[in-house]
> 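The structure's right below; bear with me while I get my questions together.
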Amino acid sequence: MTPTNYQRIWDIVAQIPYGRVATYGQIARLAGLGQRARLVGYALHHSPIEIELAWHRVINAHGKLSFPQRSKRYRRQQLTLEAEGIVFNNGRVDLDRYRWRPTTEEFPDEYFEHE
DNA sequence: CATATGACCTATG
DNA sequence: TCATAGGCCATAT
């Protein structure tokens with residue numbers, strides 16, 4: 001894992017619009033990292049505080065937050081997302097409704113293969 | 001060098 | 001809708 005890949009991940013995450021979410025796997029693909037979704041988690045975990053990344057907009061493929069439900073981080077992430085207008089139902093976000101759908105312009109073609 | 005451990009994902013039943 | 005299994009791979013120990 002090179003710093004370059006971390007940087008790529010941070011760049012993508014920074015592009016998630018206000019009020020939308022993306023999954024770890026989605027970010028991995030947008031960054032050209034294939035299915036290596038775990039790397040996105042590492043990149044966020046190690047992101048320097050000074051770039052103030054909107055990491056709260058990254059959730060898992062089930063539409064849930066990847067923290068223990070009682071943890072401070074879980075609550076903070078949920079509150080921040082709700083403050084952006086995102087609604088939780090039984091601890092889950094409706095991905096069909098809130099998922100960020102980037103256009104083909106600036107991302108690798110593989111990302112759009114399934115369409 | 002060898003295991004273990006994750007802010008994960010998909011397929012399957 | 002859940003639960004499990006197998007895959008994933010950089011860090012940590």
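Residue numbering restarts at 1 for every chain, and letters A, B, ... go by the order of the sequence lines. Computed over heavy atoms, backbone and side chain alike; hydrogens, waters and symmetry mates excluded.
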> Would you indicate whether the side-chain heavy atoms of A/I12 and A/V40 approach each other to under 4.5 Å?
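No, too far: nothing below the 4.5 Å cut-off.
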
> Choosing from B/dG6, B/dA7, B/dC9, which nucleotide comes nearest the side chain of A/F67?
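So the nucleotide nearest the side chain must be B/dA7.
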
> Can you tell me if A/R75 uses its side chain to pair, donor with acceptor, with the backbone of A/R70 under 3.5 Å?
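Between the backbone of A/R70 and the side chain of A/R75 there is a qualifying donor-acceptor contact (under 3.5 Å).
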
> Kindly assign one of parallel, tilted or perpendicular to the pair A/H46 and A/Y42, based on the angle between their ring planes and the thresholds 30° and 60°.
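Plane angle under 30°, so parallel.
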
> Within residues 76-94 of chain A, find the residues that approach DNA chain B with a heavy atom at under 4.0 Å, and present them sorted by residue number.
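Contacting residues: none.
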
> Side chain to side chain donor-acceptor pair (under 3.5 Å) between A/N5 and A/R8: does it pass, once the steps are laid out?
CA-CA 5 Å; A/N5 286 339; A/R8 271 220 284 255; 3.2 Å; yes

> Report the distance from atom CD of A/Q26 to atom P of B/dC9, rounded to the nearest whole Å.
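So the two atoms are 10 Å apart, to the nearest Å.
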
> What is the distance, rounded to the nearest whole Å, between atom OH of A/Y24 and atom C1' of C/dG7?
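Whole-Å distance recorded here is 19 Å.
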
> Nearest to the side chain of A/T23, heavy atoms from C-beta on, is which of B/dC9, C/dA10, C/dC8?
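Closest of the options to the side chain of A/T23: B/dC9.
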
> Could you check which nucleotide pairs with C/dT1 in any of the strands shown, counting Watson-Crick or G-U wobble with both distances under 3.5 Å?
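Here C/dT1 is not engaged in any pair, so there is no nucleotide opposite it.
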
> Report the distance from atom CG of A/N60 to atom P of C/dC8, rounded to the nearest whole Å.
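Going from A/N60 (CG) to C/dC8 (P), I get 20 Å.
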
> From C-beta outward on A/A37, which listed nucleotide comes closest to its side chain: B/dA7, C/dC9, B/dC9?
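Of the candidates, B/dC9 comes closest.
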
> Quiz question: by atom type and distance under 3.5 Å, do the side chains of A/Q15 and A/D11 form a donor-acceptor pair?
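The criterion, which ignores hydrogens and geometry beyond distance, is not satisfied for A/D11 and A/Q15.
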
> Taking side chain as C-beta onward, heavy atoms only, is A/V21 less than 4.5 Å from A/W100?
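Answer no - side chains too far apart.
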
> I want to check something: taking the side chain as every heavy atom from C-beta on, are A/I59 and A/L81 in contact at a cut-off of under 4.5 Å?
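A/I59 vs A/L81: side chains touch.
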
> From C-beta outward on A/S66, which listed nucleotide comes closest to its side chain: B/dA7, B/dT5, C/dC8?
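My answer, after comparing the listed nucleotides, is B/dA7.
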
> Whole angstrom is fine here: how far is it from CZ in A/R29 over to P in B/dC9?
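A/R29 atom CZ is separated from B/dC9 atom P by 12 Å.
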
> Rounded to the nearest Å, what distance is computed from the CG atom of residue A/L39 to the P atom of nucleotide C/dT11?
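Whole-Å distance recorded here is 8 Å.
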
> How long is the line joining CG of A/L65 and C1' of B/dG6, in whole Å?
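After rounding, the reported distance stands at 17 Å.
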
> With DNA chain C as reference, determine whether A/Q35 or A/H46 sits nearer its 5' end, using the nearest nucleotide of each.
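Comparing both residues, the 5'-ward one is A/Q35.
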
> Using whole Å, report how far CG of A/L33 lies from P of C/dA10.
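Result: 10 Å.
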
> Taking the same atom, C1', in C/dC8 and in B/dT5, what whole-Å distance lies between them?
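Per the computed distance, 13 Å lies between those C1' atoms.
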
> To the side chain of A/Y42, which of C/dC9, B/dT10, B/dG6 is closest?
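Of the candidates, B/dG6 comes closest.
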
> For B/dG6 versus C/dG7, give the span between their C1' atoms, rounded off to a whole number of Å.
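Straight-line distance between the two C1' atoms is 14 Å.
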
